[in-house]
Amino acid sequence: MIDLKFLRENPEAVKQNMKNKFQEHKLSMVDEVIELDAKARRTQQEADELRASRKKLSKQIGVLMGQGKKEEAEEIKAQVNAGAQRLAELEALERELSEKVTNIMMAIPNMIDPSVPIGPDDSCNVEIEKFGEPTVPDYEIPYHTDIMEKFNGIDLESAAKVAGNGFYYLMGDIARLHSAMTTYARDFMIDRGFTYCIPPFMIRSNVVTGVMSFEEMDAMMYKIEGEDLYLIGTSEHSMIGKFIDTIHSEEKLPYTLTSYSPCFRKEKGAHGIEERGVYRIHQFEKQEMIVVCKPEESKVWYDKLWQNTVDLFRSLDVPVRTLECCSGDLADLKVKSCDVEAWSPRQKKYFEVGSCSNLGDAQARRLKIRVRGQDGSKYYAHTLNNTVVAPPRMLIAFLENNLNEDGSVNIPTALRPYMGGKERLVPSTN
RNA sequence: GGAGAUGUAUCGAAGUGGUCAUAACGAGAACGACUCGAAAUCGUUUUGCCUUCACGGGCACAUGGGUUCGAAUCCCAUCAUCUCCGCCA
């Protein structure tokens, strides 16, 4: 959500930003919201005047009643009543207008960073940098579920019976590998100064609308029947929600947190053949990082955040690259974002394993996350989030890149303490 | 899940239909005075939002509704906290 004052003063910039994001259909919203806002302020002014006079007259009634001057009091009551109907109309109008303004403001995309490449969709995303050599071995790399099956590590069939498509049972070494990933990632981030946190896995609707757009909400969030609760799609939701309606002193910033949670996603729509197995599922676990900082520091933190993920994947011998989201592929709330993609020697291409975003002050404005400066002034904080690791997807990258010709899987040194010291996993014989 | 109580400034807390919500009273904090310095004492300051060029005006007593000329106060709903009971990893 952008600042209404900014929009009022820079309508052309807001429109240009929409064009850059290929959202021409939203252009009319700018003039519409300016008009509604002007009307809302006029309405408020008139209503305020009526409220002021009512307040004054009501006080007089109190005084007159105290003095026992009933008739004079009744006269003034009549005066108040005369304005009451107009006030009621205005108050209804105030509510209606401010609701309309908010609804439109929620749909107006955040101003993107000047560095964001312009393009209509993900085909225009730009590779920024490669880390590690993307190699293809001269033996065949099977589909990830086939690798897992060699270890008796996955049971999709039972999961389908129990919960339906999009769920999985992980077992034995593969399940252990999964847990090792989150634990390793947790310690990795703690070592880099982040505070570990386990958040609520369900959140109220006001938090949901604070952290994401309506379209995202509809496409992603599972609602608990009969309660005002949603299963989180990522711990970012409850972690940013943690700061709802707070004012922080400048010297305490930044807050750097790393959180663990299961994630639940509807994943509406059809998915391709490469998205079978554990690639796109309704439930997975994730180690996340979030930062709440001063506006001038968010760019620096953005670069630090994705670098953490790159370093983690490199420590597990997985080649990765960063891919910058172009304007059209950028979610409306985001100022800038990039994906960290892992190399798939089987597909001979990179695939998404994490996403790093700078939200600017958009979430902060919706959720009222503010900073009190040294001079007492208040301003909105900036928020960022990034995936440390989401194990099912990480497992795909990990297994494919660490698979040997004989079917065994290397355990990189960094991960061994979390895998009982094993140097490699060997497939089961039965 | 059941019963009861509570929700007001940084904290404790008074106010139970008007004429003290820039919120009594107490504490804490900041600044100043006194002091060689400190303690004590005295004085001043100590929420946020909307609107207006400004003066000013409005809103907020957990949240949302309702009653009323007027609500912190009365009514309803929701949320949270505490105590007791029940259930439970």
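Since the model is a prediction, treat every value here as computed from it, not as a measurement. Naming: A, B, ... by sequence-line order, numbering from 1 per chain. What's counted below: heavy atoms across the whole structure, side chains too, no hydrogens, waters or symmetry copies.
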Legend entry - Validation row, ring centre A:F264 to ring centre A:Y222 under 6.0 Å: no
Legend entry - Proximal nucleotide (of B:rU51, B:rC69, B:rC49) relative to the A:K378 side chain: B:rC49
Legend entry - A:E157 backbone acceptor or donor facing A:D155 side chain under 3.5 Å: yes
Inset, instruction - For the pair A:N410 (side chain) and A:P412 (backbone), establish whether a donor and an acceptor sit closer than 3.5 Å, ignoring hydrogens and angles. - result: no
Who pairs with [N] - Watson-Crick or G-U, where each distance is under 3.5 Å:
{"N": "B:rC79", "answer": "B:rG7"}
{"N": "B:rA38", "answer": "none"}
{"N": "B:rA23", "answer": "none"}
{"N": "B:rC55", "answer": "none"}
{"N": "B:rA29", "answer": "B:rU45"}

What integer number of Å spans the [atom1] atoms of [N] and [M]?
{"N": "B:rU73", "M": "B:rU68", "atom1": "P", "answer": "15 Å"}
{"N": "B:rC76", "M": "B:rA21", "atom1": "C1'", "answer": "26 Å"}
{"N": "B:rU10", "M": "B:rG1", "atom1": "C1'", "answer": "37 Å"}
{"N": "B:rU78", "M": "B:rU83", "atom1": "P", "answer": "23 Å"}
{"N": "B:rG57", "M": "B:rU67", "atom1": "P", "answer": "28 Å"}
{"N": "B:rU81", "M": "B:rC31", "atom1": "P", "answer": "37 Å"}
{"N": "B:rC85", "M": "B:rC20", "atom1": "C1'", "answer": "44 Å"}
{"N": "B:rA9", "M": "B:rA60", "atom1": "C1'", "answer": "13 Å"}

Charged N-O contact under 4.0 Å between [X] and [Y]:
{"X": "A:D3", "Y": "A:R8", "result": "no"}
{"X": "A:K100", "Y": "A:E32", "result": "no"}
{"X": "A:D173", "Y": "A:R176", "result": "no"}
{"X": "A:D146", "Y": "A:K150", "result": "no"}
{"X": "A:D332", "Y": "A:K26", "result": "yes"}
{"X": "A:K334", "Y": "A:E236", "result": "no"}

Tell me the interatomic distance from [X], atom [atom1], to [N], atom [atom2], rounded to whole angstroms.
{"X": "A:L229", "N": "B:rC79", "atom1": "CG", "atom2": "C1'", "result": "12 Å"}
{"X": "A:E94", "N": "B:rC49", "atom1": "CD", "atom2": "P", "result": "19 Å"}
{"X": "A:E9", "N": "B:rC53", "atom1": "CD", "atom2": "P", "result": "12 Å"}
{"X": "A:Q85", "N": "B:rC69", "atom1": "CD", "atom2": "P", "result": "14 Å"}
{"X": "A:R41", "N": "B:rC49", "atom1": "CZ", "atom2": "C1'", "result": "16 Å"}
{"X": "A:R372", "N": "B:rU46", "atom1": "CZ", "atom2": "P", "result": "13 Å"}
{"X": "A:D245", "N": "B:rC79", "atom1": "CG", "atom2": "P", "result": "19 Å"}
{"X": "A:L50", "N": "B:rG70", "atom1": "CG", "atom2": "C1'", "result": "15 Å"}

Inset, instruction - If a protein heavy atom is under 4.0 Å from the base, mark B; if only from the sugar-phosphate, S; if neither, -; do that for nucleotides 56-68 of chain B going 5' to 3'. - result: -BSS---------
Inset, instruction - Determine the contact category for A:R370: base if any of its heavy atoms lies under 4.0 Å from a base atom, sugar-phosphate if only primed atoms, P, OP1 or OP2 are that close, otherwise nothing. - result: sugar-phosphate
What are the atom names and distances for every N/O pair under 3.5 Å that joins the protein to nucleotides 16-19 of chain B?
from: B:rG18; atom 1: N2; to: A:S58; atom 2: O; distance (Å): 2.6

Inset, instruction - Specify whether A:F194 and A:W301 have parallel, tilted or perpendicular ring planes, treating 30° as the upper limit for parallel and 60° as the lower limit for perpendicular. - result: perpendicular
Inset, instruction - Kindly assign one of parallel, tilted or perpendicular to the pair A:Y255 and A:H248, based on the angle between their ring planes and the thresholds 30° and 60°. - result: perpendicular
